[in-house]
Amino acid sequence: MNDDMMINEVKICNNALYDIPTILNKIGISSCVMLVCDKNTYKAAGSLLRDILIDKNFDVLLCMLNREGNLIPDERAVGEVLTSLENKVEIMIAVGSGTINDVVKFVSSKAKIPYGIVATAPSMDGYASSVSPLIVNGFKRTYNATYPVFIVGDTNILKDAPYDMITSGFGDIIGKFTSLSDWYIGSVITEEEYSKEIAEDTRKSLNECIEVSKNLKSKDEKAIKKLMGALILSGLSMLKFGNSRPASGAEHHLSHFIEMKELLSGGIEHSHGAKVGIMTRISVSLFNAVFSLNEDEVKKLMEERKHETKEEFEFRIRKNFGPMADEVFKDIDHYYIDEELRRVRQKRILKNWDTMKKWVSENVPSSDYIDELLNDVEAPSDISYLGLQKSELKNILMNAKEMRKRYTILRLAEDINLDRILDLAIKN
């Protein structure tokens with residue numbers, strides 16, 4: 001865990017943009033600032049912030065990341081920010097949300113120049129985290145980066161964000177239902193590090209978000225502020241733990257897999273949070289299917305389970321990941337087809353089945369409840385929104401687990417009998 005967090009200031013309030021010169025002075029910045037924006041975030045906040053800083057005698061450089069379509073956090077974006085840096089720059093300010101934050105955060109860690117974030121939408125929970133999801137060689141990886149020295153969210157700006165970005169933030173937070181559950185089962189089955197305190201903080205962000213769900217449609221300023229606070233709290237949980245484990249599980253792996261497919265087809269079509277919300281519903285269904293079984297049924301399914309050979313595994317990866325296959329092998333190698341390691345996990349699964357089943361019954365809701373939450377904010381809840389058919393779902397679930405080595409409900413299903421469990425989950 002990381003006990004050396006140093007986010008100097010978090011300010012979420014009306015007219016917070018005007019407080020940035022004071023915040024900069026507090027942390028010893030008095031001269032040159034580089035703003036990183038795209039055309040939309042420059043219009044939303046960058047132009048006004050530039051004027052505010054110039055009025056207070058700051059030297060302001062501007063890096064505009066303009067694209068024909070959606071801005072992607074890839075090598076090109078990272079390179080543009082790096083080449084825009086000048087020696088006199090004391091701090092970078094990312095003006096935007098997910099993509100711009102991830103790019104500037106990564107450059108900040110490499111260039112050893114601090115950065116702050118001016119949020120333009122309550123659209124994701126990575127503002128406070130110290131990891132940066134980037135797309136490199138077409139494959140989404142999470143890199144260690146750094147944390148911002150300040151986070152500013154002006155509620156005047158946040159409430160005017162496109163509504164799909166607000167529902168995106170809600171979808172990202174709803175994903176904590178399954179990310180926390182994946183973390184718990186991972187700690188039981190693989191004995192990975194787990195923090196009850198951090199898990200409780202993350203769950204608090206989830207509960208606070210649910211509290212205001214019915215007021216988001218009207219863009220109520222108090223509700224938007226609460227959502228933004230929940231997103232920051234979730235990011236702080238990741239920062240405190242040292243990686244994204246508390247806030248990213250199977251629902252994110254599924255989202256990343258679909259995103260990779262979108263990239264291979266020409267570009268990202270749907271927001272991160274929209275995909276996470278929909279895939280949370282799918283992950284919840286999987287949890288409910290797996291833990292509807294009793295210990296004897298689990299044991300029987302394990303006995304009937306078909307072993308995937310190395311040749312079958314490699315063929316499946318190359319077929320489903322195409323040019324990204326080598327990236328998968330680089331990350332997970334052949335770890336999850338090692339049957340000796342699987343037998344160790346299977347013993348732990350059976351030994352702890354009743355304990356895990358009780359925990360899941362108390363902490364994982366029904367898929368109908370996730371539907372209700374998403375419908376309350378008019379967020380998408382069905383895979384058809386992503387242009388996917390139900391007939392494609394089994395293949396997605398079979399392969400999305402290979403996006404990360406991290407243990408999730410998908411890996412637990414694989415250790416029991418993936419083919420049978422997916423049939424059960426999809427049928428329901």
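Keep in mind the model is a prediction, meaning the values are calculated, not measured.
- Of the possible polar contacts, none joining the Ser84 side chain to the Cys63 backbone as a donor-acceptor pair under 3.5 Å is found.
- Salt-bridge formation is not detected for the pair Arg245/Asp182: no Lys NZ or Arg NE/NH1/NH2 atom is positioned less than 4.0 Å from an Asp or Glu carboxylate oxygen.
- Heavy-atom neighbours of Lys225 NZ from other residues, nucleotides or ligands within 6.0 Å: at or below the threshold of 12.
- If you take OG on Ser244 and CG on Asn144, they are separated by 9.5 Å, rounding to the nearest 0.5 Å.
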What's the verdict on side-chain hydrogen bond (donor to acceptor under 3.5 Å, both in side chains) for Glu402 and His253, showing C-alpha distance, side-chain angles and the deciding distance? CA-CA 8 Å; Glu402 317 301 352; His253 301 172; over 6 Å; no
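- Here CG of Leu412 is found 4.5 Å from OH of Tyr407. Values are rounded to the nearest 0.5 Å.
- Counting heavy-atom neighbours within 6.0 Å of Asn25 CG, excluding the residue itself, gives a total above 12.
- In this structure, the separation between CD1 on Ile157 and OG1 on Thr41 is 10.5 Å, given to the nearest 0.5 Å.
- Across all non-hydrogen atoms, the minimal contact from Pro114 to Ile91 is O-CG1, 3.2 Å.
- Within the 3.5 Å criterion, the main-chain N or O of Thr280 finds no donor-acceptor partner in the side chain of Ser283.
- With salt bridges taken as basic N to acidic carboxylate O contacts below 4.0 Å, one links Lys306 and Glu312.
- The pair Lys88-Asp59 meets the salt-bridge criterion, with a side-chain N (NZ, NE, NH1 or NH2) lying under 4.0 Å from an Asp/Glu carboxylate O.
- Side chains of Asp382 and Ser384: a donor on one and an acceptor on the other come within 3.5 Å.
- In this structure, SG on Cys37 lies 8.5 Å from CG on Leu65, to the nearest 0.5 angstrom.
- Atom CG in Asp125 sits 10.5 Å away from atom CD1 in Ile232 (nearest 0.5 Å).
- Under a cut-off of 6.0 angstrom, the local environment of OH in Tyr18 is sparse, with at most 12 non-hydrogen atoms contributed by other residues, nucleotides or ligands.
- Residues Lys217 and Asp376 are not paired through a salt bridge, judged by the lack of any N-O separation under 4.0 Å between the basic side chain and the carboxylate.
- At a cut-off of 3.5 Å, with distance as the only test, a side-chain donor of Asn15 or Asn156 sits close to an acceptor on the other residue.
- Heavy-atom neighbours of Lys204 NZ from other residues, nucleotides or ligands within 6.0 Å: at or below the threshold of 12.
- A salt bridge links Glu80 to Arg76: one of the charged nitrogens lies within less than 4.0 Å of a carboxylate oxygen.
- Between Glu311 and Arg316 there is no salt bridge, since no side-chain N of the basic residue sits under 4.0 Å from a carboxylate O of the acidic one.
- One N or O on the side chain of Lys219 and one on the backbone of Ala161 form a donor-acceptor pair closer than 3.5 Å.
- Separation of atoms CG (Leu206) and CD (Glu200) is listed at 13.5 Å; rounding is to 0.5 Å.
- Between Phe170 and Cys209, the closest heavy-atom pair is CD1-SG, 3.3 Å.
- The pair Arg406-Glu192 does not meet the salt-bridge criterion, since no charged nitrogen lies less than 4.0 angstrom from a carboxylate oxygen.
- Between Glu327 and Lys330, at least one side-chain N (NZ, or NE/NH1/NH2) sits under 4.0 Å from a carboxylate O, which counts as a salt bridge.
- With respect to Arg420, the side chain to side chain contact (heavy atoms under 4.5 Å, CB included) criterion is satisfied by exactly one of Leu424, Leu422, Asn417: Asn417.
- Looking at Thr202 and Ser237, their side chains do bring a donor and an acceptor atom within 3.5 Å of each other.
- For the residue pair Phe58 and Ser31, the shortest heavy atom distance occurs at CD2-O, 3.4 Å.
- The existence of a salt bridge linking Asp220 and Lys226 is excluded, since no basic side-chain nitrogen approaches an acidic carboxylate oxygen closer than 4.0 Å.
- Under the 4.0 Å criterion applied to side-chain N and carboxylate O atoms, Arg281 and Glu251 are not assigned as salt-bridge partners.
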Output, in order, the C-alpha distance, side-chain angles, deciding distance and verdict of ring pair (Phe, Tyr, Trp, His ring centres under 6.0 Å) for Trp359 and Phe291. CA-CA 10 Å; Trp359 190 95; Phe291 286 97; 9.1 Å; no
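- Counting only N and O atoms by type, the side chains of Asp102 and Tyr143 include no donor and acceptor under 3.5 Å apart.
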Using side-chain hydrogen bond (donor to acceptor under 3.5 Å, both in side chains), reason through Glu262 and His270 one step at a time and then give a plain yes or no. CA-CA 9 Å; Glu262 289 177 344; His270 305 95; 2.8 Å; yes
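- The nearest pair of heavy atoms linking Leu231 to Gly169 is CD2-O, 3.6 Å.
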Evaluate the side-chain hydrogen bond (donor to acceptor under 3.5 Å, both in side chains) criterion for residues Asn399 and Asn395: first the C-alpha distance (whole Å), next the side-chain angles of each, then the deciding distance (0.1 Å), finally the verdict. CA-CA 6 Å; Asn399 291 287; Asn395 187 64; 3.1 Å; yes
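- A cation-pi arrangement, defined by a distance under 6.0 Å to the six-membered ring centre and an angle within 45 degrees of its axis, is absent between Lys105 and Tyr147.
- Across all their heavy atoms, Leu239 and Ser129 have their closest contact at CB-CA, 4.4 Å.
- A cation-pi geometry, defined here as NZ or CZ lying under 6.0 Å from the six-membered ring centre and within 45° of its normal, does not hold between Arg342 and Tyr336.
- Looking at every heavy atom in both residues, Ala45 comes nearest to Thr120 through CB-CG2, 4.0 Å.
- Judged purely by atom type and a 3.5 angstrom limit, Asp38 uses its side chain to pair as donor or acceptor with the backbone of Asn40.
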